Amino acid sequence: KVNSANIAMVYLSVGAVLAGIYSEFFQQPTTVNGWPDMAHLVPNTTRIDTQMYIPQASFPTGYADNFSSRHTAYVKITTGGNHTFTISADDDTRVYVDEVLVIQQTYSTSSTASSASLFLTPGYHGVRVEFVEFSGGNYFTLSWSGPGVSGTVPASVFFRAAPVSLTATAATGITAS
């Protein structure tokens, strides 16, 4: 029987918060057709970026056409209120804030911009940009406006969590019945 005298203790230790954006790049074996399921793909290349502004020349070598990428970070909001995020891109993008899809931009014939406004409280909020490149030019830029902020989201507000460790310690005398 398990009771308060012999229950296991589990400690979850979240590492430090580190600066930067975790970027993953997925090389597609054939022409990209629609949205790849990035949640089930293994990235071919990963790196830490400082901004969600990637011009064509800054993608990894070999990533010109038929690829996708995912860029994940926390953005630190110092003043709560209405914030507008704008994505400009050459091909398709999705923007998630706190795991909610707020922008889905489908490329037409030229680079376009799409925006979404939402109320954010002070603190850290998850931001993820998913990008799909079909052919031709490629870039994306995430910008924002809100209380005291405007323009390209600066590197100083992007953070990522350090690796998490889990430690379990069993109390003596645990028996199962």
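Just so you know, these numbers come straight off a predicted model, no measurement behind them.
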Single-linkage hydrophobic cluster, 4.5 Å side-chain cutoff, V102 and V153 together: yes
Side chain to side chain, F67 and V132, heavy atoms closer than 4.5 Å: no
Same cluster (ILVMFWY, side-chain, under 4.5 Å), F140 and V157: yes
Residue list, ring-ring contact (aromatic ring centres under 6.0 Å, His included) with Y74, at least two apart or on another chain: none
Of all pairs that satisfy salt bridge (Lys or Arg N to Asp or Glu O under 4.0 Å), the ones with a partner from residues 112-128, not counting sequence neighbours: E99-R128, R128-E130
Close side-chain approach of R70 to Y96, heavy-atom, < 4.5 Å: no
Separation between CZ of R94 and CD1 of I103, rounded to the nearest 0.5 Å: 13.0 Å
T79 vs I77, side chain to side chain contact (heavy atoms under 4.5 Å, CB included): CA-CA, chis, key distance, verdict: CA-CA 6 Å; T79 304; I77 302 295; 5.7 Å; no
Qualifying residues under ring-ring contact (aromatic ring centres under 6.0 Å, His included), relative to Y22, sequence neighbours excluded: none
F159 and Y124 aromatic ring geometry - parallel, tilted or perpendicular at 30°/60° bounds: perpendicular
From CZ (R47) to OG (S69), nearest 0.5 Å: 8.5 Å
S23 and D49 side chains, donor-acceptor separation under 3.5 Å: yes
Closest heavy-atom pair and its distance - A113, S88: CB-OG, 3.6 Å
ring-ring contact (aromatic ring centres under 6.0 Å, His included) partners for F26, two or more places apart: none
Interatomic spacing from CG in N44 to OG1 in T46 - rounded to 0.5 Å: 10.0 Å
Validation row: Q104, V95 side chains within 4.5 angstrom (heavy atoms): no
Where at least one partner belongs to residues 141-155, residue pairs that pass side chain to side chain donor-acceptor pair (under 3.5 Å), sequence neighbours excluded: none
Derivation of the side-chain hydrogen bond (donor to acceptor under 3.5 Å, both in side chains) call for S58 and Y139: CA-CA 9 Å; S58 295; Y139 78 92; over 6 Å; no
Approximate separation, where rounding is to 0.5 Å, of S135 OG and D91 CG: 6.5 Å
Pairwise distance CD(Q27) to CG(L41) - rounded to 0.5 angstrom: 11.5 Å
Heavy-atom check, side chain of T84 versus side chain of N82, under 4.5 Å: no
Check: T121 main-chain N/O paired with H125 side-chain donor or acceptor under 3.5 Å: yes
Test item: D65 side-chain N/O and G136 main-chain N/O as donor-acceptor pair under 3.5 Å: yes
Ring-ring centroid check F59 F131, cutoff 6.0 Å: yes
N138 side-chain N/O to E133 backbone N/O, donor-acceptor pair under 3.5 Å: no
Verdict with supporting geometry, F85 and V97, side chain to side chain contact (heavy atoms under 4.5 Å, CB included): CA-CA 9 Å; F85 288 91; V97 176; 4.2 Å; yes
Full working for side chain to side chain contact (heavy atoms under 4.5 Å, CB included) between T86 and L142: CA-CA 6 Å; T86 301; L142 183 67; over 6 Å; no
Euclidean distance, Q105 CD relative to D90 CG, rounded to 0.5 Å: 9.5 Å
Contacts of F158 that satisfy ring-ring contact (aromatic ring centres under 6.0 Å, His included) - sequence neighbours left out: none
Check: H83 ring centroid to F119 ring centroid under 6.0 Å: no
Stepwise side chain to side chain contact (heavy atoms under 4.5 Å, CB included) test for I21 and M52: CA-CA 8 Å; I21 301 157; M52 286 197 190; 3.7 Å; yes
Cluster link I48 to V127, ILVMFWY, side chain under 4.5 Å: no
Over all atoms of both residues, closest heavy-atom pair of G20 and A73: O-CB, 3.9 Å
Polar contact flag, side-chain donor to acceptor under 3.5 angstrom, Y63-T45: yes
